[in-house]
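Read the structure below first, then the notes.
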Amino acid sequence: MPAPLRTFMVLLWVSSIAGAGVVAFLSIGWVTWPAFATAGVLGVVLGVPAGIWTARAVKRDDPNWPPNRVRTRKPDRS
């Protein structure tokens with residue numbers, strides 16, 4: 001089962017923000033574990049809402065996105 005768009009967007013945003021934070025902290029010479037922890041926290045705090053917002057915007061603005069599709073389970077073939 002493919003990952004939902006929301007999960008993919010959140011993963012992209014969190015990784016991007018945390019990575020930019022790590023690069024910024026390392027470039028100013030802050031090379032301790034709190035730098036990595038701070039970058040990770042910034043990534044989660046800023047990336048999760050941004051990823052959810054982006055996924056909703058994509059679904060809202062795409063005219064071909066299927067509206068509220070019903071998820072059904074495949075019948076068991078036993």
Side-chain angles (χ1 to χ4, degrees):
M1 181 170 140
L5 178 65
R6 179 179 56 225
T7 303
F8 183 68
M9 289 296 180
V10 167
L11 179 64
L12 281 176
W13 272 98
V14 169
S15 301
S16 298
I17 293 172
V22 167
V23 169
F25 292 144
L26 292 178
S27 68
I28 62 172
W30 192 20
V31 190
T32 59
W33 70 267
F36 294 95
T38 303
V41 169
L42 281 174
V44 169
V45 168
L46 298 175
V48 170
I52 293 171
W53 179 82
T54 304
R56 286 183 181 169
V58 166
K59 290 177 183 179
R60 181 181 58 241
D61 295 341
D62 185 4
N64 295 322
W65 193 269
N68 298 334
R69 58 186 174 164
V70 178
R71 294 181 185 253
T72 58
R73 294 182 65 182
K74 293 181 180 177
D76 196 16
R77 296 186 181 193
S78 51

Exercise. With sequence neighbours left out, what residues match Ser27 under side-chain hydrogen bond (donor to acceptor under 3.5 Å, both in side chains)?
Worked result: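 So Ser27 forms no side-chain hydrogen bond (donor to acceptor under 3.5 Å, both in side chains) with any residue.
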Exercise. Can you name the side-chain hydrogen bond (donor to acceptor under 3.5 Å, both in side chains) partners of Trp53, sequence neighbours left out?
Worked result: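 None.
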Exercise. Which hydrophobic side chains are connected to Val23, either touching it within the sub-4.5 Å cutoff or through other members that do?
Worked result: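 Joined to Val23, directly or through intermediates: none.
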Exercise. Tell me, which pairs form a side chain to side chain donor-acceptor pair (under 3.5 Å) where one or both residues lie in residues 35-44, sequence neighbours left out?
Worked result: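 Qualifying pairs: none.
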Exercise. Any side-chain heavy atom of Met9 sitting closer than 4.5 Å to one from Ile52?
Worked result: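 Side-chain contact under 4.5 Å: no.
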Table please: side-chain donor-acceptor pairs of residues 56-63 below 3.5 Å, with sequence neighbours left out.
| from | atom 1 | to | atom 2 | distance (Å) |
| --- | --- | --- | --- | --- |
| Asp62 | OD1 | Asn64 | N | 3.1 |

For this session: Scan residues 21-48 for pairs that pass ring pair (Phe, Tyr, Trp, His ring centres under 6.0 Å), counting only residues two or more places apart or in two chains.
Result: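 Only Phe25-Trp30 qualify under ring pair (Phe, Tyr, Trp, His ring centres under 6.0 Å).
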Under 3.5 Å, which donor-acceptor pairs link side chains of residues 10-22 to any protein atom two or more places apart or in another chain?
| from | atom 1 | to | atom 2 | distance (Å) |
| --- | --- | --- | --- | --- |
| Trp13 | NE1 | Thr54 | OG1 | 3.0 |
| Ser15 | OG | Leu11 | O | 2.8 |
| Ser16 | OG | Leu12 | O | 2.8 |

